[in-house]
Amino acid sequence: METEAAAKRGRSGGRAARRSRRSKHDVAMLPGLHNTLPPCEVLDHEMVERIDAASMDILEQVGVVFRDPEALADWSAIGAKVVGERVYLDRGLVRDLIATIPADFTYSARNPENNLRLGGQHAIFVPMTGAPFLRDLDDVRRTPTLEDLAMFHKLAHMSPALHSTAHHIVEPCDHPISQRHLRITYSSMKHSDKIFMGMTTSPKNAEDVMQMCALLFGEDFLETNPVTTGNINGNSPLVWDETMLGAMRAFCRRNQPVLCSPFVLGGANTPASVPAAVAQLNAEALSALAYTQVIRRGCPAIYGHYLSTVSMKSGAPMAGTPEISLMNFMIGQMARWYRIPWRTSNTLGGAKTFDAQAGYESGATLSAVMHSGANYIWHSAGWNEAGMHCSVAKFVVDAEQCAMACRMAEGPNWADFDAALSAIRDVGPGGHYLGHPHTQDNFQTAFYMPKLFDNNSIEQWTAEGCKEITARALDHARSLLDAYEEPKLDEARDDALRDFIDRREREIPAADALNQTY
């Protein structure tokens, strides 16, 4: 049922009025990020080889636990040493397996104009996911609903620099956990025609997502076209569990990419050392990446991680620290060493509100991410309170920051260099350029002009109500939602998706537990 605010938006003039408001916003998706910035490489060749050798020693001598009978059988079948649940991986076997992971691939979106290349210099920005709370359009922290999730999917659709809707940006807590994956996936598909993520909360849930993708795109299409992304989290140190591995198999068997993501809390589940933490993380990621190729040779996969350091005062995860930036630079080098696309996390913060701490933490992270050469840039909008809530205000400001990062990644524009030099001769010493034809022709595109930052005089700012960034951002979010127009699903495919959801919700008992059985 619509909320009062949503109903008011719907009565504010109908489709023609929404189209008029939409024309005030440039919401066409930006092309995938083509990052021409030279990556920051803090390791020399010898250091890269030391990290690689240390990681291979860990795989061969310490081993990795795969808490999953099917995975253990798969490893044993190809000659790996398996002792109980621990798998010892020969470096030659690992290198042979990861060599078949594509160095780049292209995602297919529901709207082909939103297809995206990933790998090498090609990258994408993806919103945050997994928040159990939100700060809403009134900046109130509360429990999310399915309608709140839809709101964020709409905002992602309307944000040019966000290349994906992700999946459960916030947890829709008004829906049973056992069935939630169905509604989350449908919301991702319905409210945007960009690419989206697929739920991997259990093997059965992952199979449902794959079936929904097949209904949307066609079974045969999935065989040759990545259309979604699954996330497979590791249990650091050196453990992969049955739930994640089963979900990985569901995706890889359908040729859909997964992020192989060790969950690193530096100093807690890794050594309290930046190089040693990276060596462990690298070993964990390689073991999972190698297993994707055991499942299906040649299927796309992404070197992943979630990266934080732990406060030795409180044990709480931290964001925006120098060590996290250094580790991002190092992991980027390792991923390029293996020629595998890689994922990192963006605009992270531990602040409880959208305050200066949130801005500093997110800005430090975004800068490091852009100079690390990452490909799948996750958690790029909304993250706050260590991921405990997604902030509407921060979501739209983060999205604009990503747009500015896209501009920076393009590098300097030399197209009008000679014409601009001619303006110097025309204006000469002591003049100004504001009225020159070159300035008139280029003032809208020469320098990025943020919509959500206020650069006016304090007198004008005061006259306009002394609005700080949170208030401006919430006004902007409301304006985007007013202007939103749903990119309609094909009617037959929509019916098929709804029928599938109805059937699965009859089959899966409504429960506050993951669906592991039905």
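These values consider heavy atoms only, across backbone and side chains, with no hydrogens, waters or symmetry-generated copies.
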(Q) What verdict does the side-chain contact (heavy atoms from CB on, under 4.5 Å) test give for Leu259 and Ile232, after you've listed the backbone C-alpha separation in whole Å, the side-chain angles of each residue and the deciding distance to 0.1 Å? (A) CA-CA 6 Å; Leu259 312 172; Ile232 307 302; over 6 Å; no
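- Considering every non-hydrogen atom in both Met128 and Gly387, the closest pair reads CE-O, 4.0 Å.
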Q: Apply side-chain contact (heavy atoms from CB on, under 4.5 Å) to Val239 and Val64, showing your working.
A: CA-CA 6 Å; Val239 176; Val64 178; over 6 Å; no
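- Ion pairing between a basic and an acidic side chain is recognised when a charged N comes within 4.0 Å of a carboxylate O; Glu242 and Arg249 show no such pairing.
- Side-chain contact check for Trp342 versus Cys260: every heavy-atom pair is 4.5 Å or farther apart.
- Ion pairing between Lys467 and Asp454 fails under the 4.0 Å rule for side-chain N and carboxylate O.
- Here the closest heavy-atom approach between residue Ala206 and residue Ala250 is recorded as CB-CB, 3.8 Å.
- A salt bridge is defined here as a Lys NZ or Arg NE, NH1 or NH2 lying under 4.0 Å from an Asp or Glu carboxylate O, and Glu41 with Arg336 meets this definition.
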Q.
Go through it in stages, so that I can follow the logic: the residues are Lys81 and Asp90, the test is salt bridge (charged side-chain N to carboxylate O under 4.0 Å, His left out), and I'd like the CA-CA distance, side-chain angles, deciding distance and then a yes or no.
A. CA-CA 8 Å; Lys81 179 183 176 183; Asp90 174 80; over 6 Å; no
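- No hydrogens or angles considered: nothing links the side chains of Arg110 and Ser108 as a donor-acceptor pair under 3.5 Å.
- Remark: Glu400 does not engage Lys451 in a salt bridge, criterion side-chain N to carboxylate O under 4.0 Å.
- At a threshold of 4.5 Å between non-hydrogen side-chain atoms, the residues His432 and Val427 do not count as touching.
- The environment of Arg297 atom CZ is dense: over 12 non-hydrogen atoms of other residues, nucleotides or ligands sit within 6.0 angstrom.
- A donor-acceptor pair shorter than 3.5 Å can be found between the side chains of Thr344 and Asn328.
- Leu265 places none of its side-chain heavy atoms less than 4.5 Å from the side chain of Thr309.
- Between His389 and the options Thr353, Asn384, Leu134, a side-chain contact (heavy atoms from CB on, under 4.5 Å) holds for only Asn384.
- Aromatic ring pairs are classed by plane angle as parallel below 30°, tilted from 30° to 60° and perpendicular above 60°; the pair His379 and Trp383 is tilted.
- Using modelled atom types, one finds no donor on one side chain facing an acceptor on the other under 3.5 Å when comparing Asn231 with Tyr376.
- One finds a salt bridge joining Arg141 and Glu385 here, because a Lys/Arg side-chain nitrogen approaches an Asp/Glu carboxylate oxygen to under 4.0 Å.
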Q) Can you check side-chain contact (heavy atoms from CB on, under 4.5 Å) on Asn114 and Ile195, steps first, answer last? A) CA-CA 8 Å; Asn114 292 335; Ile195 65 169; over 6 Å; no
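- For the residue pair Thr100 / Gln293, a side-chain donor-acceptor distance below 3.5 Å is found, with atom types taken as modelled.
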(Q) Checking Tyr291 against Met248 for the side-chain contact (heavy atoms from CB on, under 4.5 Å) test, could you report, in this order, the C-alpha distance in whole Å, the side-chain angles of both residues, the deciding distance, and whether it holds? (A) CA-CA 9 Å; Tyr291 186 56; Met248 176 192 283; 3.5 Å; yes
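- For Asp52 and Arg95, the salt-bridge test passes: some basic side-chain N is under 4.0 Å from an acidic carboxylate O.
- Under 3.5 Å, the side chains of Thr347 and Thr365 contain no donor-acceptor pair of N or O atoms.
- In this model, a donor atom of one side chain and an acceptor atom of the other lie less than 3.5 Å apart for Ser362 and Lys394.
- The aromatic ring centroids of Trp337 and His45 lie less than 6.0 Å from each other.
- With no hydrogens or angles considered, a side-chain donor-acceptor pair links His153 and Ser187 at under 3.5 Å.
- No side-chain heavy atom of Val392 sits less than 4.5 Å from a side-chain heavy atom of Arg135.
- There is no side-chain donor-acceptor pair under 3.5 Å between Tyr303 and Ser261.
- Between Leu33 and the options Leu118, Ile377, Asn375, a side-chain contact (heavy atoms from CB on, under 4.5 Å) holds for only Ile377.
- Separation of the Phe66 and Trp75 ring centroids falls under the 6.0 Å cut-off.
- For Glu468, the CD atom is loosely surrounded, since the number of other residues' heavy atoms within 6.0 Å does not exceed 12.
- Between Arg50 and Asp44 there is no salt bridge, since no side-chain N of the basic residue sits under 4.0 Å from a carboxylate O of the acidic one.
- Looking only at side-chain heavy atoms (C-beta outward), Arg91 and Glu60 come within less than 4.5 Å of each other.
- The only option from Leu366, Val396, Leu452 that meets the side-chain contact (heavy atoms from CB on, under 4.5 Å) definition with Gln401 turns out to be Leu366.
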Q) Would Asn115 and Tyr107 satisfy side-chain hydrogen bond (donor to acceptor under 3.5 Å, both in side chains), going step by step from the backbone distance to the final call? A) CA-CA 6 Å; Asn115 290 357; Tyr107 280 109; over 6 Å; no
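- Shortest non-hydrogen contact noted between Ala423 and His438 is CB-CB, 4.3 Å.
- When all heavy atoms are compared, the tightest approach of Phe125 to Cys402 is CE1-O, 3.4 Å.
- For an aromatic pair to be called close, the ring centres must be under 6.0 Å apart, and His25 with His476 satisfies this.
- The shortest distance between side-chain heavy atoms of Thr200 and Asn205 does not fall below 4.5 Å.
- Residues Leu289 and Ile101 form a side-chain contact, since some pair of their non-hydrogen atoms from C-beta on lies under 4.5 Å apart.
- Under the 30°/60° scheme for interplanar angles, the aromatic rings of Tyr306 and Phe263 are found to lie parallel.
- Under the 6.0 Å cut-off for aromatic ring centres, His122 and His34 qualify, their centroids lying closer than that.
- Counting heavy atoms from C-beta on, the side chains of Trp461 and Ile458 come closer than 4.5 Å.
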